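These notes concern the structure reproduced below.
What you see is a predicted model, and the numbers here were worked out from it, not measured in a lab. Positions are given from 1 along the sequence.
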Amino acid sequence: MAKLDHIGISVSPGSRLAELLEILELPRAGSEKVESEKVNVEWVPLPVTTTKIELLTGTSADSAITKFLAKTGKDAIHHLSFRVADIESSMKALTKAGFKVIYPEAREGAGGCRVNFIHPSTTGGLLIEISEKQAS
């Protein structure tokens, strides 16, 4: 069985995405210049977990996924989701740092989780979801 090795995200100079990850307790752990690809790489290790791929299909014309697919015209990565221990404190810390959450309050999401999203206008264009697993 294949295992996800990494997710490559292109970022502009001065991108705030690294700051967002640090607030979520995912700090950079090193960097490397890859001459053959003419690129700098910064590593953000993820904790060992069981990661899933979430396949999203809109169920109505006004669904965010239906609109996203209409805009892109093809299957594409919609968002990255990070599990947090306390969604309320994460939302407060992100908002305090200048990131814009989409919903004023966390909402019910898939898999028994409460979720919210960080607006792409404040992450350099990438939609980020934060997710807190609810007690069973």
Side-chain angles (χ1 to χ4, degrees):
M1 171 191 324
K3 294 183 180 181
L4 182 63
D5 181 68
H6 68 272
I7 300 165
I9 303 171
S10 58
V11 294
S12 301
S15 169
R16 296 190 65 217
L17 187 56
E19 179 185 358
L20 181 146
L21 294 175
E22 287 185 28
I23 291 170
L24 297 178
E25 299 179 3
L26 295 168
R28 291 171 276 198
S31 63
E32 173 182 355
K33 186 171 186 174
V34 182
E35 294 290 347
S36 63
E37 296 297 323
K38 300 178 182 143
V39 64
N40 285 317
V41 176
E42 290 186 286
W43 295 105
V44 179
L46 298 174
V48 177
T49 64
T50 303
T51 303
K52 301 177 286 294
I53 294 175
E54 187 177 65
L55 301 176
L56 305 165
T57 305
T59 58
S60 68
D62 65 345
S63 161
I65 296 302
T66 302
K67 292 175 184 177
F68 178 79
L69 286 167
K71 182 178 176 181
T72 62
K74 61 185 175 187
D75 294 353
I77 293 176
H78 181 259
H79 66 273
L80 296 181
S81 179
F82 294 96
R83 181 70 48 91
V84 296
D86 181 346
I87 196 164
E88 300 300 331
S89 65
S90 294
M91 288 168 50
K92 286 178 186 171
L94 290 163
T95 301
K96 182 179 179 182
F99 293 97
K100 180 182 174 188
V101 294
I102 297 210
Y103 306 124
E105 302 292 329
R107 293 183 170 191
E108 182 180 334
C113 293
R114 292 177 57 224
V115 303
N116 206 335
F117 292 87
I118 313 307
H119 199 282
S121 67
T122 59
T123 67
L126 185 63
L127 182 63
I128 303 288
E129 176 187 50
I130 54 175
S131 170
E132 176 189 338
K133 185 75 170 171
Q134 295 298 283
S136 301

Ala97 and Ile23 have their tightest heavy-atom pair at CB-CD1, 3.4 Å
Expected output: side-chain Ser15 to main-chain Val11 donor-acceptor under 3.5 Å: no
Side-chain contact test, heavy atoms from C-beta onward, threshold under 4.5 Å: evaluate it for His78 versus Ile65 and give yes or no. yes
Determine whether Leu126 and Ile118 fall in the same hydrophobic cluster, where Ile, Leu, Val, Met, Phe, Trp and Tyr are linked whenever their side-chain heavy atoms lie under 4.5 Å apart. yes
Side chains of Ile128 and Phe117: closer than 4.5 Å at any heavy-atom pair? no
Spell out, as yes or no, whether a donor-acceptor pair under 3.5 Å connects the side chain of Thr122 to the backbone of Lys100. yes
Would you say Leu80 and Ile9 make side-chain contact, with heavy atoms under 4.5 Å? yes
Approximate separation, where rounding is to 0.5 Å, of His79 NE2 and Ser131 OG: 8.5 Å
Quick check: do Lys133 and Arg83 have side-chain heavy atoms less than 4.5 Å from each other? yes
Rounded to the nearest 0.5 Å, what's the gap from CZ on Phe82 to CG on Leu46? Could you check? 6.0 Å
About how many Å separate CD1 of Ile87 and CD of Glu105, when rounded to the nearest 0.5 Å? 10.5 Å
Using modelled atom types and a 3.5 Å cut-off, is there a donor and acceptor pairing between side-chain atoms of Thr95 and backbone atoms of Met91? yes
May I ask you to check whether over 12 heavy atoms, not counting those of Asp75, lie within 6.0 Å of atom CG? no
Given Val84, which partner from the list Leu24, Leu94, Asn116 fulfils the side chain to side chain contact (heavy atoms under 4.5 Å, CB included) test? Leu24
Connected via hydrophobic side-chain network under 4.5 Å: Val115 and Leu127: yes
Filter on side chain to side chain donor-acceptor pair (under 3.5 Å), then keep only pairs touching residues 17-32, sequence neighbours left out; what's left? Arg16-Glu19, Glu22-Arg28, Arg28-Glu42
Compare every heavy atom of Ala110 with every heavy atom of Glu54, then report the nearest pair and how far apart it is. OE2-CB, 4.2 Å
Interatomic distance, CD1@Ile102 vs CZ@Arg107, rounded to 0.5 Å, equals 9.5 Å
Nearest heavy-atom approach of Pro45 to Leu26 is O-CD2, 3.9 Å
Tyr103 reachable from Phe99 in the ILVMFWY side-chain graph, under 4.5 Å edges: no
Donor-acceptor pair, side chain of Lys67 and main chain of Gly58, under 3.5 angstrom: no
If you compare all heavy atoms of Glu132 against all heavy atoms of Glu88, which two are closest, and at what distance to 0.1 Å? OE1-N, 4.5 Å
